[in-house]
Amino acid sequence: MKICVTGAAGFIGGNFVYYMLENHPDYDIVGLDLLTYAGNLETLEEAMKNPHFKFTKGDIADREYVYDLFEKEKFDIVVNFAAESHVDRSIVNPEIFLKTNILGTSVLMDACRKYGIQRYHQVSTDEVYGDLPLDRPDLFFTEETPIHTSSPYSSSKAGADLLVLAYHRTYGLPVTITRCSNNYGPYHFPEKLIPLIISRALADESLPVYGTGENVRDWLYVKDHCAAIDKVIHNGREGEVYNVGGHNERTNLQVVKTILKELGKPESLITFVTDRKGHDRRYAIDPTKIETELGWSPTTTFDVGIKQTIDWYLTHKQWWQNIINGDYQNYYEKMYGNR
Ligand code: NAD
Ligand code: TYD
């Protein structure tokens, strides 16, 4: 089996590479990544030592490059993680989200049609369903929930999902989609809530919480997400969408306070800042379909996973310090300076 993992130098793509090398040691994996600000080859340092893994730098929206690669490698499965993934950046500059997330997805699927594959898998997000009200804890996203996006990011992901389903219906491309809730774990880029809070708290810096901190996210440990994708690419039904989540809902304020407690840092570091525009209130996944059809269920609760994650950041300081000492510093100034 030869698998193309796009976005392999990013957070979830990197974790997926390690998951597959460990769980399918006979598979060959080609990691494709453009190495944007979010891509980090240091994440793949260990994988590079494995003869079953190789890396290629390129843009999923570059048709010539993608076709050349597919012609040469003859992939069996393509798993597309490559994306612009940060909501705040999409609010400032939507265009690159449309190019990578929508156009890039269509170029990859065109290559799949041209050169043939057994499965194209699209890694999507629960954000395509929009948000749920805070006062209705009985409501969850199912696969039947209408697409109803809020941000340029989620709109671009929804656009890609619709294209994936259209390629299945129109061309018979063997596709699957997973829509997962918020992930956390090792190699998470420190512009996202959990690694941002860990890294800033360790430096005794102020911790920006948007609005009142009451927004709710449904957190899933990244390895559980990788296990779900593994099940779907092997046993999921073609043309189907599977929601992935583990009923680990927390308000942002709860998450921040948990991290502070674990690190022994004071809550006085918390600073409430101007809310995100169009800020989604609550995400919550109903994972019944993937649980009953494919026998997937998460193994790591939030309480355990957050401790493991904090430990990882404590023992891999070089990995994230290299990021926050680089260009990222300018990003933080620009995004939070006047907030
Ligand atoms: P990330 O930003 O950490 O990684 C994205 C990777 O894609 C980076 O390595 C980047 O260099 C690469 N990339 C960007 N543009 C590219 C292009 N044009 N060609 C090739 N590579 C390109 O993101 P992530 O958090 O790992 O998310 C991965 C996927 O999972 C995304 O599709 C995202 O929408 C989805 N997702 C993320 C979460 C989450 O909580 N992080 C939850 C559900 C779904
Ligand atoms: P984020 O990690 O950006 O993921 P997403 O927006 O895709 O859910 O943000 C998670 C939540 O944390 C979201 O409600 C926004 C909030 N947040 C803050 O309060 N402060 C921050 O500095 C960041 C980055 C996010």
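Counting starts at 1 for both ligands and their atoms, in listed order. What you are looking at is a predicted structure, and each value in this text was computed from that prediction instead of being measured. Quick note: residue numbers are just sequence positions, from 1.
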Quiz: residues 262-271 side-chain donor-acceptor pairs under 3.5 angstrom, not counting sequence neighbours:
| from | atom 1 | to | atom 2 | distance (Å) |
| --- | --- | --- | --- | --- |
| Lys265 | NZ | Asp204 | OD1 | 3.0 |
| Thr271 | OG1 | Leu269 | O | 3.4 |

- Item | Ligand-side contact atoms (ligand 2) for residue partner Val209, heavy atom cut-off under 4.0 Å | 19 (O)
- Message: Checking contacts here: is it the side chain or the backbone of Leu196 that comes within 4.0 Å of ligand 2, counting heavy atoms only? Could be both or neither.
- Response: side chain
- Which of the ligand 1 atoms, numbered from 1, are nearer than 4.0 Å to a heavy atom of Thr36: 10 (C), 11 (O), 14 (C), 15 (N)
- Taking the six-membered ring of Tyr184 (Phe, Tyr or Trp), confirm whether the NZ or CZ of Arg217 is under 6.0 Å from its centre and within 45° of its axis. no
- Message: As an exercise, identify every atom of ligand 1 less than 4.0 angstrom from a heavy atom of Ala9.
- Response: 9 (O)
- Message: Tell me the closest heavy-atom pair linking Met20 and Ile3, and the distance in Å.
- Response: CE-CD1, 3.7 Å
- Show which atoms of ligand 1 fall inside a sub-4.0 Å distance from at least one heavy-atom site of Ser124. 43 (C), 44 (C)
- Note: ligand 1 atoms sitting under 4.0 Å from heavy atoms of Ala82 are 7 (O), 20 (C), 21 (N), 22 (C)
- ligand 1 to Ala38, heavy atom cutoff 4.0 Å, flagged ligand atoms 2 (O), 8 (C), 9 (O)
- Numbering as shown, the atoms of ligand 1 that approach Leu35 to under 4.0 Å (heavy-atom distance): 11 (O)
- Query: For ligand 1, which atoms have a heavy atom of Asp59 less than 4.0 angstrom away?
  - Reply: 17 (C), 18 (N), 19 (N)
- Task: Give the contacting part of Tyr153 toward ligand 2: side chain, backbone, both or neither, where contact means a heavy-atom distance below 4.0 Å.
- Result: neither
- Message: Which option wins on minimum heavy-atom distance to atom 8 (O) of ligand 2: His279, Arg339, Arg217?
- Response: Arg217
- Message: Taking 4.0 Å as the limit for heavy-atom contacts, which would you say applies to Asn182 with ligand 2: side chain only, backbone only, both, or neither?
- Response: side chain
- Considering only heavy atoms, does Val87 approach ligand 2 within less than 4.0 Å through its side chain, its backbone, both, or neither? side chain
- Task: Give yes or no for whether the N/O distance cutoff of 3.5 Å, strictly under, is met between Cys180 and ligand 1.
- Result: no
- Could you pull out, from Glu214, Glu191, Glu127, Arg276, the option with a heavy atom nearest to atom 3 (O) of ligand 2? Arg276
- Note on the structure: for atom 2 (O) of ligand 1, nearest protein heavy atom and its distance come out as Ser85 OG, 2.6 Å
